Amino acid sequence: MIELTSKQRKSLEKLAHDLSPVVIVGQQGVTENLVKMVETSLKAHELIKVKFNEYKDDKREYSEDIAQRTESTLVRVIGNVAIFYKENEDPEKRQIRLK
């Protein structure tokens with residue numbers, strides 16, 4: 001998990017603006033399969049959105065749980081969508097460069 005500066009956070013939010021949610025939290029809540037889907041998506045894209053169709057009142061807690069379990073960074077929760085970032089471990093495969 002990376003500590004983001006406000007400038008980095010804003011930059012990631014801007015990059016995520018046009019992204020569609022790739023994972024949706026439904027009736028099952030945050031399951032092991034959902035966490036695996038988030039991990040897989042983060043490896044492929046580094047920056048993803050997760051939409052909460054259910055558990056909207058608990059989205060902040062669930063988002064923090066997802067971030068901890070995937071060792072990613074919760075960039076921000078906006079409305080019912082959470083933005084997650086995880087830098088690719090291979091420097092040559094990194095798509096996003098934070099300054």
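Since we're looking at a predicted model, the values are computed, not measured. In this chain, numbering begins with 1 at the start of the sequence shown.
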Student: Tell me which one of V23, V30, L74 satisfies side chain to side chain contact (heavy atoms under 4.5 Å, CB included) with I66.
Tutor: V30
Student: If you measure from CG on L42 to CD on E71, what distance do you get to the nearest 0.5 Å?
Tutor: 11.0 Å
Student: If I take atom CG from residue L15 and atom NE2 from residue H45, how far apart are they, to the nearest 0.5 angstrom?
Tutor: 14.0 Å
Student: Do F84 and Y55 share a hydrophobic cluster, counting only Ile, Leu, Val, Met, Phe, Trp and Tyr and linking them when any side-chain heavy atoms are less than 4.5 Å apart?
Tutor: yes
Student: Please check this pair: side chain of Y85 against backbone of I48, looking for a donor-acceptor N/O pair closer than 3.5 Å.
Tutor: no
Student: Mind checking whether V38 and V25 sit in one hydrophobic cluster, side chains of I, L, V, M, F, W, Y counted as touching below 4.5 Å?
Tutor: yes
Student: For F52 and Y62, take the angle between the two ring planes, folded into 0 to 90°, and tell me which bin it lands in: parallel under 30, tilted 30 to 60, perpendicular over 60.
Tutor: parallel
Student: Return yes when atom CG of D90 has more than 12 non-hydrogen atoms of other residues, nucleotides or ligands closer than 6.0 Å, and no otherwise.
Tutor: yes
Student: Determine whether a donor-acceptor pair (N or O, by modelled atom type, separation under 3.5 Å) exists between the side chain of S11 and the backbone of K7.
Tutor: no
Student: Determine, using the 4.5 Å side-chain heavy-atom cutoff (strictly less than), whether V22 and L47 are members of one ILVMFWY cluster.
Tutor: no
Student: Do other residues, nucleotides or ligands put more than 12 heavy atoms under 6.0 Å from the CD atom of E61?
Tutor: yes
Student: Side-chain heavy atoms nearer than 4.5 Å, only ILVMFWY residues, links allowed to pass through others: does that put V77 and V81 together?
Tutor: no
Student: State yes or no: do L19 and L34 share one hydrophobic cluster built from I, L, V, M, F, W and Y residues joined by side-chain heavy-atom distances below 4.5 Å, directly or via other members?
Tutor: no
Student: Nearest 0.5 Å, what's the CZ-CD distance between R97 and Q95?
Tutor: 9.5 Å
Student: Where do L98 and Q8 come nearest, in terms of heavy atoms and distance?
Tutor: CB-NE2, 3.8 Å
Student: Could you tell me whether the side chain of K49 and the main chain of H17 form a donor-acceptor pair under 3.5 Å?
Tutor: yes
Student: Can you tell me how far apart CG (N53) and CD (Q27) are? Round to the nearest 0.5 Å.
Tutor: 10.0 Å
Student: For a side-chain contact (heavy atoms from CB on, under 4.5 Å) check, start with the C-alpha distance between R69 and E32, then their side-chain angles and the critical distance, and finish with the verdict.
Tutor: CA-CA 10 Å; R69 289 166 69 178; E32 202 58 44; 3.0 Å; yes
Student: Would the distance check show the side chain of K56 and the main-chain N or O of N80 forming a donor-acceptor pair, the cut-off being under 3.5 Å?
Tutor: no
Student: Can a donor-acceptor pair be found, under 3.5 Å and without considering hydrogens, that links the side chain of K59 to the backbone of A82?
Tutor: no
Student: Begin from the C-alpha positions of L12 and I83 and carry the test side-chain contact (heavy atoms from CB on, under 4.5 Å) through to its verdict.
Tutor: CA-CA 9 Å; L12 289 172; I83 303 169; 5.7 Å; no
Student: Kindly say whether I96 contributes a backbone atom to a donor-acceptor pair with the side chain of E46 at under 3.5 angstrom?
Tutor: yes
Student: Do any N or O atoms from the side chain of E39 and from the backbone of T70 form a donor-acceptor pair under 3.5 angstrom?
Tutor: no
Student: Let me confirm one number: the OG1-CE distance from T31 to M37, rounded to the nearest 0.5 Å.
Tutor: 8.5 Å
